[in-house]
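Proteins get letters first, then strands, A, B, ... in listed order; numbering begins at 1 in each.
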There are 2 protein chains.
Amino acid sequence: MTARPPAGYGYVSAASLPSVAPRPTLRDVATQAGVHPATASRALNEATRSLVRPATVARVREVAAALGYQVNPIARSLKTSRSETVGVLVPDLTNPLFPPIVRGIEDALADSGYTVLTANTDNDPARTSSNFAAMQARQVDGFIVATALLDDPLMHDAAERGVPMVLVNRLTEHLDVSAVSADDATGIERTVAHLVELGHRDIAHVAGPLRVSTGAVRLRAFRAAMQSHGLRDDRVVEAEAYSEAAGRTALLRLLDGNRPTAIVAGNDLLALGCYDALAETGLSCPDDVSIVGFNDMPFINRLQPPLTSVRVPQYDLGVEAARLLLDRLSGRTVTPRVVLLPVRLVVRGSTAPPPTVKRPARAAG
Amino acid sequence: MTARPPAGYGYVSAASLPSVAPRPTLRDVATQAGVHPATASRALNEATRSLVRPATVARVREVAAALGYQVNPIARSLKTSRSETVGVLVPDLTNPLFPPIVRGIEDALADSGYTVLTANTDNDPARTSSNFAAMQARQVDGFIVATALLDDPLMHDAAERGVPMVLVNRLTEHLDVSAVSADDATGIERTVAHLVELGHRDIAHVAGPLRVSTGAVRLRAFRAAMQSHGLRDDRVVEAEAYSEAAGRTALLRLLDGNRPTAIVAGNDLLALGCYDALAETGLSCPDDVSIVGFNDMPFINRLQPPLTSVRVPQYDLGVEAARLLLDRLSGRTVTPRVVLLPVRLVVRGSTAPPPTVKRPARAAG
DNA sequence: AGCGTCCTTGCAAACGACTGCATGCTCGGG
DNA sequence: CCCGAGCATGCAGTCGTTTGCAAGGACGCT
């Protein structure tokens, strides 16, 4: 075996091409500035800069700039065991709920020099565990978690050990961690109020999976709201997942009995599924049944009919989560906080007064 | 100042709690297995395993498993100057085109043990540069770039220096890098053929920005297709961006003259903008004007009317890009390749035969 | 029986930055 | 004029792995 340069990098003898100049190291800067690497390090480092004579600082920084020096985050991480990187775990980036959140996180973190490692868990325990472990191994300084499963032992342990962690759009009662979420309860409350105002009395709820915190929270809010209006709060069916298919199935099950005049769907995807179910049953929205979604996904205003939905400030959710984490990382805040962001009911074409023909005993007019 | 443990990690005196066991290091494994760290390293490392006696390998691996040892990627990176990490640059994760691509990339890379660093550039040169630099500093092994701007000097230099890089959904002629893209030309060709078959002759193109490669490619394809049918190929207006607003503006400009019976939009967002413009002008789609989009975004089948569009296999685009990059990183392939993935025209309600009233001289029937 | 050759393993030097400690210098006060 | 304090800087070890080199042992062959 003859010695070979590593393949793939267009390696050439130094004579022929201006061979790729290796990135300058701290030592290069130091030498060129006529100081010891330690001094250069201190001069370049915000926190230790005060230990170095201003003139020296200036000289070092000049040289560094001239050489285009950038610290090697890897070497730094090895020594400091921090990485200026945070891990973001989402179930599925393809779900329109998450991109704005992730975007908000990235924007907010980038301002502080952090970068983001993302992974999709599909809410699958195995994937969650392995992704989480991989991120921990890469020394991420903290986590932002939008995944449902907090039962993951790895994650649970980590949280209890005090690994910085913020939950987005998911709450937990078992664990003492910061979380930021939309004010789902108020959203549901307004939704119910809106429907009641339109004249609905038979209102059903197609709930998201109850093992997911949003599913449980919204169901509870639905019950509370219905009770406060003195209405039956037990017309509820749980969807198996937050998906169109699950929404369709759930509503079909519900329509089997005597049908409600309005449906509060656990989220927009479920609402879309409800559209399908209604279409299959020959019912019309909103003439026969009104439907309200949750999240106000992009383009949902262009559906037929445009969906009334609760707008969740997803981007801000991400930004706020990032802030919480940054506070935690900087040591400013240590006690977990829960932040609820306000929501807004956006009324569109999918909600209308109930059909009066519903009570055939009365006059049809 | 009394010495203080670093804040925020629930630090306690070693006696009171089972203090957080630091992750075992290679040295721990070695000691416990009664070998030198170097041997342990070789035993644990796929590529060097053959240098170690099988019995020793087994012993080391057992101990490693028992201790729950995982290599420290940071230390490894420092030594090998590779990071098992790739950088992904997208303009905006919030644009529904990109999540599936990113997801495909992540899934394909995860299988090979790579993790993904993502950043949004907004197609802004400054953001692009700084993100790119930050990723390079973090020793990413390669890049997958979905951003329009290849003029970025940093990126351009990097590409020429042979930094592994794959373009997604963007092509370039100035640079010799691998790229994977949808077969846009064929998509447009099929679109035009479909419209012609329906009876359309006056077909216009609302093109995406021409400085973006997809904009240019699709325009060229449109011209070619029209010519091949012997039709006028100059009814074209360029949108300033791939956005609904730009699509609306562009079409309004176009409708000023005598109007076409069908519109080929540069992508779905532009098509949505066209919907708006038609609505404002009191025209109906598809009765007065047919519209075709590009990309087949999620939920676009639920619009009013459901949009005929060219389906692009976005997820596969991401997977393929990841594969190309992996090939490159493993040194198997060094010559750049361009991969075009097949597309499919999905016909829905936004396309119909042209209104016959258009030629008032003829019979109205 | 001796010697050469693998094969297996150990040694130690990196990779690049950070940091506790030591050192040398300057300056001021008595 | 001397000494101590304090500031600025240098020294060297360290983080956890990888890897070229060398050494030791076992084995086969003559």
Side-chain angles (χ1 to χ4, degrees), chain A residues 1-6 22-60 63-64 67-84 136-139, chain B residues 1-6 21-60 63-64 67-84 136-139 141:
Chain A
M1 255 187 285
T2 62
R4 264 269 191 83
R23 283 205 302 145
T25 125
L26 190 55
R27 197 200 254 38
D28 297 334
V29 175
T31 315
Q32 192 133 155
V35 297
H36 192 271
T39 307
S41 168
R42 287 189 271 251
L44 262 18
N45 227 303
E46 190 60 54
T48 50
R49 177 150 26 245
S50 61
L51 297 176
V52 180
R53 193 158 46 109
T56 312
V57 171
R59 189 154 32 99
V60 170
V63 173
L67 261 46
Y69 169 79
Q70 291 175 244
V71 310
N72 181 329
I74 304 239
R76 170 180 286 174
S77 291
L78 181 57
K79 181 64 180 161
T80 63
S81 63
R82 287 173 307 109
S83 63
E84 308 260 279
Q136 277 213 117
R138 280 181 164 78
Q139 307 262 35
Chain B
M1 254 187 285
T2 61
R4 266 267 191 84
R23 285 205 301 144
T25 122
L26 189 55
R27 194 197 254 42
D28 298 334
V29 175
T31 315
Q32 192 133 154
V35 298
H36 192 271
T39 307
S41 168
R42 287 190 271 253
L44 262 18
N45 225 302
E46 189 60 54
T48 50
R49 179 153 22 245
S50 60
L51 297 175
V52 179
R53 194 158 48 111
T56 313
V57 171
R59 189 156 31 100
V60 170
V63 173
L67 260 47
Y69 169 79
Q70 290 176 244
V71 310
N72 181 330
I74 304 239
R76 170 179 285 173
S77 290
L78 181 58
K79 182 65 182 160
T80 63
S81 65
R82 286 173 307 108
S83 62
E84 309 259 279
Q136 277 212 117
R138 280 182 163 78
Q139 306 262 34
D141 298 338

Undergrad: Taking it one step at a time, do B/Leu44 and B/Leu26 satisfy side chain to side chain contact (heavy atoms under 4.5 Å, CB included)?
TA: CA-CA 9 Å; B/Leu44 262 18; B/Leu26 189 55; 3.9 Å; yes
Undergrad: Whole angstroms only, please: what is the CZ-P distance between B/Arg27 and C/dA12?
TA: 12 Å
Undergrad: Hey, could you give me the CD/OG1 distance between B/Gln70 and B/Thr25, rounded to the nearest 0.5 Å?
TA: 13.0 Å
Undergrad: Residues two or more places apart in sequence or in another chain: which of them pass side-chain contact (heavy atoms from CB on, under 4.5 Å) with A/Ser81?
TA: A/Gln139
Undergrad: Identify the two heavy atoms, one from B/Val52 and one from B/Ala43, that lie closest to each other, and give their separation to 0.1 Å.
TA: CG2-N, 4.0 Å
Undergrad: Taking five pairs at each end, how big is the angle between the two axes of the helix from C/dA1-D/dT30 to C/dG30-D/dC1, to 10°?
TA: 60°
Undergrad: Do the non-hydrogen side-chain atoms of B/Arg23 and A/Gln136 ever get within less than 4.5 Å of each other?
TA: no
Undergrad: Could you work out, with side-chain contact (heavy atoms from CB on, under 4.5 Å) as the rule, every residue matching B/Ala58, not counting sequence neighbours?
TA: none
Undergrad: Given B/Val35 and B/Arg59, is the side chain to side chain contact (heavy atoms under 4.5 Å, CB included) satisfied, shown in steps?
TA: CA-CA 10 Å; B/Val35 298; B/Arg59 189 156 31 100; 4.0 Å; yes
Undergrad: List the residues meeting side chain to side chain donor-acceptor pair (under 3.5 Å) with B/Ser83, not counting sequence neighbours, and say none if there are none.
TA: B/Asp141
Undergrad: Show me the pairs that pass side chain to side chain donor-acceptor pair (under 3.5 Å) and involve residues 27-48 of chain A, at least two apart or across chains.
TA: A/Glu46-A/Arg49
Undergrad: Treating primed atoms plus P, OP1 and OP2 as sugar-phosphate and everything else as base, which nucleotides of nucleotides 18-26 of chain C get B, S or - for protein heavy atoms under 4.0 Å?
TA: BBB------
Undergrad: Starting from the 5' end of DNA chain C, give me the residue, B/Ala40 or A/Thr25, whose nearest nucleotide shows up first.
TA: B/Ala40
Undergrad: So, taking the atom named CD in B/Glu84 and the one named OG in B/Ser77, what distance separates them when rounded to the nearest 0.5 Å?
TA: 7.5 Å
Undergrad: Does anyone know the first and last nucleotide of DNA chain D in reach of chain B, 5' to 3', at under 4.0 angstrom to a heavy atom?
TA: D/dG16 to D/dG20
Undergrad: Rounded to the nearest angstrom, tell me the gap between atom CZ in B/Arg138 and atom C1' in C/dG16.
TA: 15 Å
Undergrad: Quick one, which residues of residues 49-56 of chain B touch DNA chain C with a heavy atom under 4.0 Å?
TA: B/Leu51, B/Val52, B/Arg53, B/Thr56
Undergrad: Where is the tightest heavy-atom contact between A/Ala40 and A/Ala30, given as atom of each residue plus distance?
TA: CB-CB, 4.0 Å
Undergrad: B/Thr80 side chain to B/Arg76 main-chain N or O, any donor-acceptor pair under 3.5 Å?
TA: yes
Undergrad: State, to 0.1 Å, how close B/Ala137 and A/Pro73 come at their nearest heavy-atom pair, and which atoms those are.
TA: O-CD, 3.0 Å
